[in-house]
Amino acid sequence: MDIIKFLDGFTTDKLTARMSSRRGALATLGIFGAQALMAAAPCFRTASGKEALKQSNTDVVNALQLALILEYLEAEFYIKALQSGVLPNGRPEAVYMQISKHETAHVEFLKAGLEGAGVEPVLKPEFDYTAGGAFAPFDTANDNAYLQLLTLAQAFEDTGVRAYKGQAGNLQGTPFLMPALRIHSVEARHAAEIRRLRAGFLDIPLNEDTLPWITLDNRGLGMPPITQPVYDGEEQVVQGGVNLVDITEFGPVEVSQSYDEPLATPEVIKIIAPFLGCKE
C-alpha cells in the first residue's frame, strides 16, 4: 500500500460538516480544573485579547483549545519545513506535504468547532522551533537540519497521539469525540511514517529503537533528551487494573508496544513549553 495515497484519504472537509448541535453539547459540561493551562495562558489569547483558556469553564472547550494549539504547532512546522529547502526531494518532501495538508485541515476543523459553539478560538501562538537555540531545523547551513526536522516531527506527532487520547474523557458524550478519535488515529499514522523516514535516513534497522510504534519509554536512537517527556509513562504494562505481563506470555517490551498511554494537560504543556516563543 502506498502510504501517501492512504494518508490522502484523511484530508477532508467532511469533519466540519459532520458537526451538529455543538452549542447545546458544550453547555452541558462541567468545570475545568487543570492549572497547567492557566500557567501558560499568556501565550494563548483570542482575537479580543482574552486569555483563551480562561474564557470558558467547560472541560470540552479547553480540550479543544489545547488540541488547536497542538495543531497550530504542527501545521506551522510542516509549512516552514516545506519552505525551508532542507527537505530532500522525493518521498520525504511528499510525506511532509501530505501531513501538512492534514494538520492544516485539523486546524480549520477545530476553529470551526469552537466558533460553532460560540467560543473564540485561541489565536496561533508565536512558536520558537529552535527551542531556545537547541535546534536549527530550517537552516540549510545546518548539516543536521534534516535530521532535526525528523526529530521534531516525530516528537510532535507522538505528542499529538497521546494528547488526543488524554482528552478523550473530556469529550465523552459530545459530538466532538468521534472526530477527535479520527484525528488521533491519523496522528498515529503520521508518527509511524516519520519514524520510517528517520530510520532510513540514519540507516538503522527497524529494531525496537526505531519501530513505527513506541517501545517502553524509549525515545529512539538520535532523539535528544529534550524529547524524553514525550515518552515518559509509555512503559506502562498495567491496563484496566490488570498486569498484562503477569497474565500473558509477553514481556514488558511487547506489552508496552501494544498500548499508547494518554498525556494529561500538564504533561502536554511541559512538552510544548520549549517551543512557545511568546512572553507574558
Side-chain angles (χ1 to χ4, degrees), residues 3-4 7-16 19 37 40 43-47 52-53 62-87 92-116 119-131 135 137-138 145-146 148-164 167 176 179-194 197 227 230 263 268-269 271-278:
I3 190 68
I4 304 299
L7 290 175
D8 188 53
F10 295 92
T11 302
T12 177
D13 294 330
K14 292 180 180 177
L15 279 175
T16 302
M19 303 308 298
L37 287 173
C43 296
F44 310 142
R45 294 186 179 274
T46 66
L53 301 169
N62 285 284
L64 294 174
Q65 296 280 39
L66 178 63
L68 179 55
I69 292 161
L70 288 174
E71 296 295 352
Y72 278 141
L73 177 72
E74 293 178 302
E76 182 174 310
F77 170 76
Y78 286 106
I79 290 170
K80 286 181 176 291
L82 289 164
Q83 295 173 342
S84 68
V86 169
L87 283 170
E93 186 177 43
V95 168
Y96 273 63
M97 191 174 297
Q98 193 60 59
I99 294 177
S100 179
K101 295 177 185 177
H102 298 169
E103 305 300 2
T104 299
H106 296 166
V107 167
E108 295 308 313
F109 162 70
L110 289 164
K111 287 170 64 177
L114 286 160
E115 289 168 352
V119 176
E120 278 191 274
V122 61
L123 293 174
K124 181 172 69 67
E126 176 187 346
F127 294 117
D128 173 18
Y129 292 103
T130 75
F135 303 100
F138 311 126
Y146 177 47
Q148 291 179 1
L149 283 182
L150 293 171
T151 295
L152 292 176
Q154 178 179 315
F156 293 158
E157 297 295 348
D158 283 339
T159 298
V161 173
R162 298 186 66 190
Y164 272 99
Q167 296 299 323
F176 293 102
L181 292 177
R182 294 185 183 104
I183 294 175
H184 163 81
S185 66
V186 173
E187 298 287 340
R189 293 182 176 94
H190 293 170
E193 184 61 13
I194 293 296
L197 287 178
T227 65
V230 178
L263 281 172
V268 175
I269 296 298
I271 289 166
I272 69 172
F275 302 98
L276 289 173
C278 57

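- Inter-residue side-chain proximity for His190 and Glu103 is flagged as met; some heavy-atom pair is nearer than 4.5 Å.
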Which is it for Glu120 and Gln65 under the side chain to side chain contact (heavy atoms under 4.5 Å, CB included) test, yes or no, and what are the steps along the way?
CA-CA 9 Å; Glu120 278 191 274; Gln65 296 280 39; 5.7 Å; no
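- Atom CD in Gln83 sits 7.0 Å away from atom NZ in Lys80 (nearest 0.5 Å).
- Within the model, atoms OH of Tyr78 and CE of Met97 stand 13.5 Å from one another, a figure rounded to the nearest 0.5 Å.
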Decide yes or no on side chain to side chain contact (heavy atoms under 4.5 Å, CB included) for Ile183 and Glu187, but give the supporting numbers first.
CA-CA 6 Å; Ile183 294 175; Glu187 298 287 340; 4.0 Å; yes
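- Between the side chain of Ser185 and the main chain of Arg182, a donor-acceptor pair closer than 3.5 Å is present.
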For a ring pair (Phe, Tyr, Trp, His ring centres under 6.0 Å) check, start with the C-alpha distance between Phe127 and Phe275, then their side-chain angles and the critical distance, and finish with the verdict.
CA-CA 6 Å; Phe127 294 117; Phe275 302 98; 8.8 Å; no
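- Rounding to the nearest 0.5 angstrom, the gap separating the CZ atom in Arg189 from the CD1 atom in Ile99 is 12.5 Å.
- A donor-acceptor contact closer than 3.5 angstrom is absent between the side chains of Glu74 and His106.
- Heavy-atom minimum distance, Pro121 versus Lys111: CG-O, 3.8 Å.
- Residues Val161 and His184 come closest through the heavy atom pair O-ND1, 3.0 Å.
- Looking at every heavy atom in both residues, Val107 comes nearest to Ala75 through CG2-CB, 4.0 Å.
- Once rounded to the nearest 0.5 Å, the distance linking OH of Tyr72 with OG1 of Thr104 reads 11.5 Å.
- Taking the side chain as every heavy atom from C-beta outward, Tyr164 and Leu181 never approach each other to under 4.5 Å.
- Between the Ser100 side chain and the Tyr96 main chain, no donor and acceptor come within less than 3.5 Å of each other.
- Contact check for Ile194 versus Phe156: no side-chain heavy atoms found under the 4.5 Å cut-off.
- The two residues Leu276 and Pro125 make their nearest non-hydrogen contact at CD2-CB, 4.1 Å.
- Ala163 and Leu70 make their closest contact through CB-CD1, 3.4 Å (heavy atoms, listed as atom of the first residue, atom of the second, distance).
- Atom CG of Leu149 and atom CG of Leu152 lie 7.0 Å apart (nearest 0.5 Å).
- The distance from the CG atom of Leu263 to the CG atom of Asp158 is 9.5 Å, given to the nearest 0.5 Å.
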Show the numbers, then the answer: is there a side chain to side chain contact (heavy atoms under 4.5 Å, CB included) between Glu71 and Lys124?
CA-CA 9 Å; Glu71 296 295 352; Lys124 181 172 69 67; over 6 Å; no
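- Closest approach of Tyr129 and Phe77 over heavy atoms only: OH-N, 3.2 Å.
- Put simply, the side chain of Val268 does not reach to within 4.5 Å of the side chain of Gln167, judged on heavy atoms.
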